[in-house]
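Below: one structure, written as structure tokens.
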Protein chains: 2
Amino acid sequence: MGMHTMGQFVQAVEAATNSDDLAAAMVEICEILGFQYFALTHHVDILSASGTAIRLHNYPAQWADYYDEQALGISDPVHRASHKTSLGFPWSRMHDLIALTAGDRRVLALGSEQGIGDGFTVPANIPGETLGSCSFANGADRPLPETMLPLAQWAGLFAFEGARRLWSTRKIDTEEEAPVLTDRQRDCILWAARGKGDWEISRILGLSEETVARHIKQACERYGVNKRTLVAIRALFDGTLTFTDIFKR
Amino acid sequence: MGMHTMGQFVQAVEAATNSDDLAAAMVEICEILGFQYFALTHHVDILSASGTAIRLHNYPAQWADYYDEQALGISDPVHRASHKTSLGFPWSRMHDLIALTAGDRRVLALGSEQGIGDGFTVPANIPGETLGSCSFANGADRPLPETMLPLAQWAGLFAFEGARRLWSTRKIDTEEEAPVLTDRQRDCILWAARGKGDWEISRILGLSEETVARHIKQACERYGVNKRTLVAIRALFDGTLTFTDIFKR
DNA sequence: CGGGATATGCCGGAAAAGGGGTATAGTCAG
DNA sequence: CTGACTATACCCCTTTTCCGGCATATCCCG
């Protein structure tokens, strides 16, 4: 196969002006890659996020309905796994990424009954944005097209970018930007995230307790939140802090 | 070309037991894809993050030294752009992602003088982890191998995953078993992570304020911590909560 | 049945965090 | 040089959180 057909996919996605165009391109690329189904989605409870969240798929209607009713979008093991890596993964390897609960296995078994067997999910993680992914899947009787997975990785991300454009999720043109903390603010939030109180932090950083409180307060203002718990989580989410920062040493 | 050579790359990366093995595999895949240089890196100031951060490249030494001295790892326009997307991008398209400052152009021009012309960068963003990327580049006289970019996307991510394994970025969670929270404890921690106070949570869940405080207190005990900020972060880290849970609308 | 875990309520004091000002000094870009 | 931003420090006051203990009702499991 080749780059030729991929070129057509690129053109189709870039030319898409609505979700139907994008869906058509996805159906074609599925054909080429050797998949029956695709699902391009933000990881949210779609019923409560109607409209604003990316959501495009050609799964069997019955499965999609059940999925929405149960609000699986927020607990789906496939989605959880996609938060642990940036590389696409076959569903059969999910247990390398997350611990599967009994409920997870039930969901997977149920999907299998509904005609969704093995699949390949491409994470689409962007710091500070709603997490998303593009999944490709086949019926239980049809194996994954192993050799196509590298191209599926690319096609999935390219399609997700196309969806972001269509849903106007990209923030470059808008004025709102991810808050940037000063070094001191970040230091203080880091120690707060480690569970230290203001007084402890002041000893660690050699500041007065008041100054620590001030830095944390101002960090909260930048994120537009009013609790240090939330500022720490937001900083974690957009990459200002990382788990390794917090737990190391 | 094909999947055959990609298969060898997969084997080489998976078999790698140290960074030299990985570097050798990268050199080979660069050859195949049509690039001279690669850079697999966490986006940090490498001089102050010695040892723990992923960092592997075959850039000209002179450029790398300059880069480190100036601590470009944290302000590099290529890195900033890679925080805005999950899809690999040619450097010539960077301005679609971020606004390039005068300083950015200076860095790019300087790189060009040092033998780094156009390149292709694959973002590797994972929530809660240090942001990273894998870049492929050529000298100024050599154009990007356009048709290879989809495979470069995959190879870059695969290599980054290999690097994460070698640098043991994912190992922290195997130390101790994650405490299990009761449903109510989890509910309360979830709302606390969303920045709600006990009184608000009590209204949301239909409990008394005291009971909410009690659940949170007991959740803290299970994690062996003494602050709600830390319990929320620990729960996020071990998957008891997810960013999607917290930010879902 | 009895023990353990869970969920719920309440009290009170000590400590911490949130929200409002004010002020000085340094840095850096325009 | 000026103005914006940063880092530092202090004050006051209110609200929230933390910590101890106490008490009841449910449910499941052996």
Side-chain angles (χ1 to χ4, degrees), chain A residues 102 175 177-235 240-241, chain B residues 45 48 70-72 74-75 77 99-107 177-235 240:
Chain A
E175 285 300 312
E177 328 161 356
V180 177
L181 299 185
T182 68
D183 288 346
R184 270 322 205 190
Q185 285 167 357
R186 185 181 169 282
D187 289 342
C188 292
I189 295 301
L190 170 61
W191 285 102
R194 287 172 170 170
K196 304 298 181 188
D198 287 354
W199 184 84
E200 283 178 289
I201 300 175
S202 79
R203 296 305 90 185
I204 291 164
L205 298 178
L207 301 175
S208 87
E209 184 178 348
E210 319 286 345
T211 303
V212 172
R214 146 83 18 129
H215 286 312
I216 291 178
K217 194 191 308 186
Q218 285 174 333
C220 286
E221 281 166 11
R222 296 211 174 175
Y223 277 95
V225 304
N226 62 342
K227 287 276 193 296
R228 57 185 61 201
T229 300
L230 192 44
V231 85
I233 287 173
R234 292 284 304 273
T240 299
L241 294 184
Chain B
D45 171 4
S48 52
Q70 304 295 311
L72 292 182
I74 48 180
S75 62
L100 289 174
T101 69
D104 292 337
R105 294 180 204 282
R106 231 177 3 251
V107 170
E177 276 182 42
V180 177
L181 299 186
T182 69
D183 288 348
R184 270 322 206 191
Q185 284 167 358
R186 185 181 169 283
D187 289 342
C188 292
I189 295 300
L190 170 60
W191 284 102
R194 287 173 170 170
K196 305 297 182 189
D198 288 354
W199 184 85
E200 284 177 287
I201 300 175
S202 78
R203 297 306 92 184
I204 292 165
L205 297 179
L207 302 175
S208 88
E209 185 178 348
E210 320 285 345
T211 303
V212 171
R214 141 86 18 128
H215 286 311
I216 292 178
K217 193 193 309 187
Q218 285 173 332
C220 285
E221 281 165 12
R222 297 211 171 174
Y223 277 95
V225 303
N226 62 340
K227 286 275 193 296
R228 57 184 64 204
T229 299
L230 191 44
V231 85
I233 287 174
R234 293 284 303 273
T240 299

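Below, read A as the first sequence line, B as the second, and so on, with proteins coming before strands; counting in each chain starts at 1.
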Inset, instruction - Return the value, rounded to whole Å, for the distance between atom CD1 of Ile201(B) and atom C1' of dT16(D). - result: 11 Å
Inset, instruction - Measure the CZ-CG distance between Arg194(B) and Leu230(A) for me, rounded to the nearest 0.5 Å. - result: 10.5 Å
Legend entry - Euclidean distance, atom CD1 of residue Ile189(B) to atom P of dT17(D) [Å, nearest integer]: 11 Å
Inset, instruction - Send over the distance from Arg203(A) CZ to dA16(C) C1', rounded to a whole Å. - result: 15 Å
Inset, instruction - Report yes if a side-chain nitrogen or oxygen of Arg228(B) is closer than 4.0 Å to either non-bridging phosphate oxygen (OP1 or OP2) of dT17(D); otherwise report no. - result: yes
Inset, instruction - Working to the nearest 0.5 Å, report the span between NZ of Lys196(B) and CG of Leu205(B). - result: 11.5 Å
Inset, instruction - Let me know the distance between CD1 of Ile216(B) and P of dC18(D), rounded to the nearest Å. - result: 7 Å
Inset, instruction - Starting from C1' on dA5(C), measure out to NE2 on His215(B) and report it in whole angstrom. - result: 13 Å
Legend entry - Interatomic distance, Asp198(A) CG vs dT8(D) P [rounded to whole Å]: 14 Å
Inset, instruction - Please report the C-alpha distance between Arg184(B) and Asp187(B) in whole Å, then the side-chain angles of each, then the deciding distance to 0.1 Å, and finally whether the salt bridge (charged side-chain N to carboxylate O under 4.0 Å, His left out) criterion is met. - result: CA-CA 5 Å; Arg184(B) 270 322 206 191; Asp187(B) 289 342; 3.5 Å; yes
Legend entry - Interface residues of residues 217-227 of chain A with DNA chain C (non-hydrogen, below 4.0 angstrom): Lys217(A), Asn226(A), Lys227(A)
Inset, instruction - Return no unless some side-chain N or O of Thr211(A) is found under 4.0 Å from OP1 or OP2 of dA7(D). - result: no
Legend entry - Donor-acceptor under 3.5 Å (Arg222(B) side chain, Val180(B) main chain): yes
Legend entry - Atom-pair distance (CD on Glu210(B); P on dA23(D)), nearest Å: 16 Å
Inset, instruction - Give the rounded distance in Å between these two atoms: CD of Glu209(B) and C1' of dC18(D). - result: 13 Å
Inset, instruction - Over all heavy atoms of both residues, which pair between Cys188(B) and His215(B) is shortest? Give the atoms and the distance, please. - result: SG-CB, 3.7 Å
Inset, instruction - Report yes if a side-chain nitrogen or oxygen of Arg184(B) is closer than 4.0 Å to either non-bridging phosphate oxygen (OP1 or OP2) of dT8(C); otherwise report no. - result: yes
Legend entry - Arg214(B) vs dA7(C): side-chain N/O to OP1/OP2 distance below 4.0 Å: no
Inset, instruction - Output yes when at least one side-chain N/O atom of Ser208(A) is less than 4.0 Å from OP1 or OP2 of dC10(D), else no. - result: yes
Inset, instruction - First locate atom CD of Gln185(B), then atom CZ of Arg214(B), and finally report the distance between them rounded to the nearest 0.5 Å. - result: 10.5 Å
Inset, instruction - Determine the minimum heavy-atom distance between Thr229(B) and Ala192(A), stating which atoms define it. - result: CG2-O, 3.7 Å
